[in-house]
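The structure appears below as structure tokens.
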Amino acid sequence: MNQTENLFAAGLFKGLAEDEVTAILRRCQEKTYPDGSNLFVEETEATRLYLVLEGSIVLHFEMPQHQNADTAIATAGPGLAVGWSAIVPPHLYRLSGHCKGKTKLLEIDQDTLQVLFESNYHLAYIFMRNIAVLTGERLRQVQDRLAKVLADEAINGW
């Protein structure tokens, strides 16, 4: 396994055969973004899955009825994936994501992943299982953040 495969081995690539990992990585494009770059905005069409190689992506959402109350939920660093909405209907990003610091990513588009999944059901099953784990972790992060916001509101008022 190479360095990139190892970086994602415990997460998104967990349980995939080496040739399946290679099939995914071969279809990715490596891109580097400067600090503050917006990758995607909540409730817009999700077209890409992002794998973080270097730097980080801050995931956040805008609090309804609270001006300038943009709320950071999580920060995804090397070895993590964001933008899984690209492969989960209705294909809308649930959060917004921007780069914190110079960020190097592997990107793969929705259509490419779909073709890959249709040609290899085992890869699709394992990949989607790993996405489900990622989703559960993200839900826990949202719950933690909500608990902190509600506690702060109870103590300090809004």
Side-chain angles (χ1 to χ4, degrees), residues 1-61 70-148:
M1 272 195 186
N2 69 32
Q3 186 178 2
T4 301
E5 291 170 349
N6 284 333
L7 186 60
F8 296 95
L12 196 59
F13 296 164
K14 185 176 183 176
L16 291 175
E18 194 168 334
D19 64 322
E20 293 171 326
V21 172
T22 301
I24 293 169
L25 291 176
R26 199 175 45 211
R27 289 164 174 84
C28 290
Q29 294 180 347
E30 186 176 302
K31 293 189 179 178
T32 302
Y33 293 90
D35 182 39
S37 296
N38 287 320
L39 294 176
F40 49 89
V41 177
E42 64 182 295
E43 298 306 318
T44 62
E45 182 182 5
T47 58
R48 296 194 177 292
L49 175 73
Y50 301 91
L51 310 176
V52 183
L53 295 173
E54 296 174 10
S56 60
I57 300 171
V58 177
L59 300 171
H60 53 96
F61 69 98
D70 201 37
T71 306
I73 296 298
T75 300
L80 296 178
V82 298
W84 50 264
S85 297
I87 55 174
V88 178
H91 307 290
L92 295 174
Y93 290 115
R94 299 296 178 203
L95 300 169
S96 295
H98 71 271
C99 298
K100 183 176 180 183
K102 183 178 174 184
T103 304
K104 186 188 294 186
L105 305 170
L106 289 177
E107 300 178 6
I108 187 165
D109 67 81
Q110 174 189 48
D111 294 335
T112 300
L113 278 170
Q114 188 64 36
V115 168
L116 187 59
F117 292 165
E118 288 173 0
S119 68
N120 185 333
Y121 292 132
H122 178 264
L123 182 152
Y125 169 76
I126 299 298
F127 197 89
M128 293 307 289
R129 182 195 66 194
N130 293 342
I131 291 293
V133 170
L134 221 168
T135 305
E137 290 171 2
R138 190 75 36 77
L139 177 59
R140 185 192 50 76
Q141 291 169 332
V142 169
Q143 289 171 317
D144 289 348
R145 180 69 178 143
L146 178 60
K148 289 175 186 173

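Hydrogens, waters and symmetry mates are skipped; everything else that's a heavy atom, side chains included, is used.
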### Task
List in chain and number order the residues that pass side-chain contact (heavy atoms from CB on, under 4.5 Å) with A132, two or more places apart in sequence or in another chain; answer none if no residue qualifies.
none
### Task
State which residues pass salt bridge (Lys or Arg N to Asp or Glu O under 4.0 Å) with K104; sequence neighbours excluded, sorted by chain then number.
E30, E54
### Summary
G55 and P78 have their tightest heavy-atom pair at O-CD, 3.3 Å
### Message
I want to check something: taking the side chain as every heavy atom from C-beta on, are E43 and F61 in contact at a cut-off of under 4.5 Å?
### Response
no
## Note on the structure
Separation between SG (C28) and CG (L49), nearest 0.5 Å, reads 7.5 Å
### Query
Is there side-chain contact between F8 and N130, with at least one heavy-atom pair below 4.5 Å?
no
### Task
Could you pull out all residues at least two apart from D144 that satisfy salt bridge (Lys or Arg N to Asp or Glu O under 4.0 Å)?
R140
#### Entry: L12 and I24, any side-chain heavy atoms less than 4.5 Å apart
no
### Test side-chain contact (heavy atoms from CB on, under 4.5 Å) applied to P90 - qualifying residues, sequence neighbours left out
L92, R94
### Task
Drop me the distance from L113's CG to L123's CG, to the nearest 0.5 angstrom.
8.5 Å
### Message
Restricting to side chain to side chain donor-acceptor pair (under 3.5 Å), what partner residues turn up for Q114, sequence neighbours left out?
### Response
E118
### Query
What residue pairs, at least two apart or across chains, pass salt bridge (Lys or Arg N to Asp or Glu O under 4.0 Å) with a residue in residues 123-139?
none
### Query
Distance-only, no hydrogens or angles: does the Q110 side chain make a donor-acceptor pair with backbone N or O of A86 under 3.5 Å?
yes
Validation: residues 33-41 side-chain donor-acceptor distances under 3.5 Å, sequence neighbours left out:
| unit_1 | atom_1 | unit_2 | atom_2 | d |
| --- | --- | --- | --- | --- |
| Y33 | OH | E107 | OE2 | 2.3 |
| D35 | OD1 | G101 | N | 2.6 |
| S37 | OG | P34 | O | 2.8 |

### Message
If I take atom CD from residue Q141 and atom CD from residue Q143, how far apart are they, to the nearest 0.5 angstrom?
### Response
10.5 Å
### Query
Considering residues at least two apart in sequence or located in another chain, which fulfil the side chain to side chain donor-acceptor pair (under 3.5 Å) criterion with N120?
E20
### Task
Step by step, work out the side-chain contact (heavy atoms from CB on, under 4.5 Å) result for L51 and F13.
CA-CA 11 Å; L51 310 176; F13 296 164; 4.1 Å; yes
## Note on the structure
The side chain to side chain donor-acceptor pair (under 3.5 Å) partners of T112 (sequence neighbours excluded) come to D109
### Query
ring pair (Phe, Tyr, Trp, His ring centres under 6.0 Å) with F117: which residues, sequence neighbours excluded?
F127
### Message
How long is the straight-line distance from NE2 of H98 back to OG1 of T103, given to the nearest 0.5 Å?
### Response
9.0 Å
### Task
Count the heavy atoms of every other residue, nucleotide or ligand shown that sit under 6.0 Å from NZ of K31, and state whether that count exceeds 12.
yes
### Query
For the residue pair K14 and I126, what are the closest heavy atoms and their distance?
O-CG2, 3.2 Å
### Task
Sequence neighbours left out, what passes side-chain contact (heavy atoms from CB on, under 4.5 Å) with E45? Give chain and number order.
T47
### Main-chain N/O of V58 paired to T75 side chain as donor or acceptor, under 3.5 Å
no
### Message
With side-chain contact (heavy atoms from CB on, under 4.5 Å) as the criterion, how do V52 and L105 come out once you've worked through the C-alpha distance, each side chain's angles and the decisive distance to 0.1 Å?
### Response
CA-CA 5 Å; V52 183; L105 305 170; 3.9 Å; yes
### Summary
When rounded to the nearest 0.5 Å, the distance separating CD1 of I57 from SG of C99 is 5.5 Å
### Query
Quick one: side-chain contact (heavy atoms from CB on, under 4.5 Å) partners of V88, sequence neighbours excluded?
W84, M128, I131
